[in-house]
Amino acid sequence: TQTNTVTVAKDANVVCTFTNAHDTGTVVVHKDVLDPDGNPVTDTTATFKVKLDNANEQDIQDGGTVPYNNVITGNHDVTESVIPSDYSIFGISLTSGTSGNTSGLTINVINGQTTHVYVTNNQKKAKITVVKVVKDASGQTTTDHHTFTVQLNGENDDNTLADNHNVVYNVNPGGPFTISEVTDENYDNLGCKLPTGADASGFDLASNEQVTVTCTNQQEPGTISGYKYKADGVTGILGWTINLYSCVSSGTDCNTLVA
């Protein structure tokens, strides 16, 4: 309570004006981004937006803070108004790293004090889809359901990769990532490539990013040898020509390949 003393003269009128100001405090909003498994990560690639009492919208990034000064004491709501689609909300709370509320947090602002609010988001998993292309000995794409073994970063073997079966790796954002194949002695390895044509080696992925890697192999040509023998199965016969045919079906629609 404040008082003031005034002296009033005879027949005088004295007007007293009392001026009051609201008690205020400060609200500081912190931003934290976690990986999909809830572990700390540094990710300043995305911009989020927060509001106080559904107004005063401000941009904020991972590791950053935004202040709200001269906030009238009492209850106020802190919300995250914009969440990039590649992220999810983990929670809003008064304690760093805890889940809290996802739709908003009501706080009590106290006169002369600072209230810290922590808005936490999760990254979403990134996805690597590995597809197989097989070429014949002449370099033309062909159908060949042979399975190959693909690796992520030299491990995480998956031996089901074929031209009719993709392999998918769901990974935490970051990197670097490398996709490679285990050598198959019956095929030439032509490499694993990103959509840009670059080698699928040492690349990074952002939150919720998806990439397709194409691993290509080429069939190695085989060898067919023919011999003609007499009935004894031992004595060879000279002067014979052995032809190799390619047939659509058994014994029909045949073409001579080698004569």
Side-chain angles (χ1 to χ4, degrees), residues 28-52 54 56-66 77-107 116-132 149-162 165-181 192-215:
V28 177
V29 180
H30 302 253
K31 166 58 62 186
D32 190 20
V33 175
L34 305 176
D35 72 14
D37 299 326
N39 300 308
V41 67
T42 299
D43 182 353
T44 57
T45 61
T47 298
F48 304 79
K49 293 181 183 292
V50 293
K51 286 184 177 180
L52 180 67
N54 204 33
N56 305 305
E57 189 173 61
Q58 297 193 65
D59 292 345
I60 191 170
Q61 293 178 321
D62 183 32
T65 60
V66 293
D77 295 324
V78 176
T79 56
E80 187 163 47
S81 53
V82 174
I83 304 173
S85 61
D86 294 327
Y87 298 80
S88 61
I89 178 71
F90 183 63
I92 305 174
S93 70
L94 296 175
T95 304
S96 176
T98 57
S99 58
N101 299 324
T102 57
S103 59
L105 180 69
T106 299
I107 59 174
H116 294 275
V117 179
Y118 299 87
V119 182
T120 306
N121 298 83
N122 284 108
Q123 296 174 323
K124 294 181 180 180
K125 289 279 189 179
K127 184 167 75 171
I128 304 171
T129 301
V130 186
V131 301
K132 168 58 59 186
T149 299
V150 64
Q151 294 181 322
L152 171 63
N153 292 343
E155 50 187 12
N156 305 295
D157 290 21
D158 190 310
N159 63 358
T160 65
L161 180 63
H165 186 272
N166 299 338
V167 169
V168 175
Y169 292 104
N170 292 301
V171 297
N172 285 348
F177 300 106
T178 296
I179 296 294
S180 58
E181 277 190 343
C192 297
K193 304 290 184 179
L194 296 169
T196 61
D199 289 339
S201 175
F203 61 93
D204 295 332
L205 293 174
S207 178
N208 203 36
E209 185 175 0
Q210 301 182 21
V211 67
T212 299
V213 174
T214 302
C215 294

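Keep in mind that what you see is a predicted model, and the values were worked out from it rather than measured.
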With sequence neighbours excluded, what pairs up with [X] under the ring pair (Phe, Tyr, Trp, His ring centres under 6.0 Å) test?
X: Tyr169; result: none
X: His116; result: His30
X: Phe90; result: none

Criterion side chain to side chain contact (heavy atoms under 4.5 Å, CB included) on Asn121 and Lys31, from CA distance to verdict: CA-CA 8 Å; Asn121 298 83; Lys31 166 58 62 186; 2.2 Å; yes
Any side-chain donor near an acceptor of the partner, Asn101 and Ser103, under 3.5 Å: no
Please tell me if the side chains of [X] and [Y] come closer than 4.5 Å, counting only heavy atoms from C-beta onward.
X: Leu105; Y: Leu94; value: yes
X: Asn39; Y: Val41; value: no
X: Gln123; Y: Leu34; value: no
X: Asn153; Y: Phe177; value: yes

Qualifying salt bridge (Lys or Arg N to Asp or Glu O under 4.0 Å) pairs, either residue in residues 37-50, two or more places apart: Asp37-Lys125, Lys49-Asp59
Working for side chain to side chain contact (heavy atoms under 4.5 Å, CB included), residues Leu152 and Ile179: CA-CA 5 Å; Leu152 171 63; Ile179 296 294; 3.8 Å; yes
Can you name the closest pair of heavy atoms from [X] and [Y] and give their distance?
X: Leu161; Y: Val131; answer: CD1-C, 4.1 Å
X: Asp204; Y: Pro176; answer: OD1-CA, 3.4 Å
X: Thr79; Y: Ile92; answer: CA-CD1, 4.1 Å
X: Thr65; Y: Val28; answer: CB-CG1, 4.0 Å
X: Pro84; Y: Ala46; answer: CG-CB, 4.1 Å
X: Gly97; Y: Thr120; answer: N-OG1, 4.3 Å

Backbone N/O of Ser99 and side chain of Ser93: donor-acceptor pair under 3.5 Å: no
Heavy-atom donor-acceptor pair, Asp62 side chain to Val33 backbone, under 3.5 Å: yes
For Thr196, side-chain contact (heavy atoms from CB on, under 4.5 Å) partners two or more places apart: Leu194, Ala198
Taking only distance into account, with no hydrogens and no angle test, what donor-acceptor pairs under 3.5 Å do side-chain atoms of residues 205-213 form with protein atoms, sequence neighbours excluded?
from, atom 1, to, atom 2, distance (Å)
Ser207, OG, Asp86, O, 2.5
Ser207, OG, Lys124, N, 2.9
Asn208, ND2, Asp86, OD1, 3.0
Glu209, OE1, Ala206, N, 2.7

Reference residue Cys192; test side chain to side chain contact (heavy atoms under 4.5 Å, CB included); the match among Lys132, Glu181, Gln151: Glu181
From Gln61 atom CD to Thr44 atom OG1, the distance as rounded to the nearest 0.5 Å: 6.0 Å
Rounded distance [0.5 Å steps], CG in Asp77 versus CG in Leu52: 8.0 Å
Test side chain to side chain contact (heavy atoms under 4.5 Å, CB included) applied to Asn166 and Val130, step by step: CA-CA 6 Å; Asn166 299 338; Val130 186; over 6 Å; no
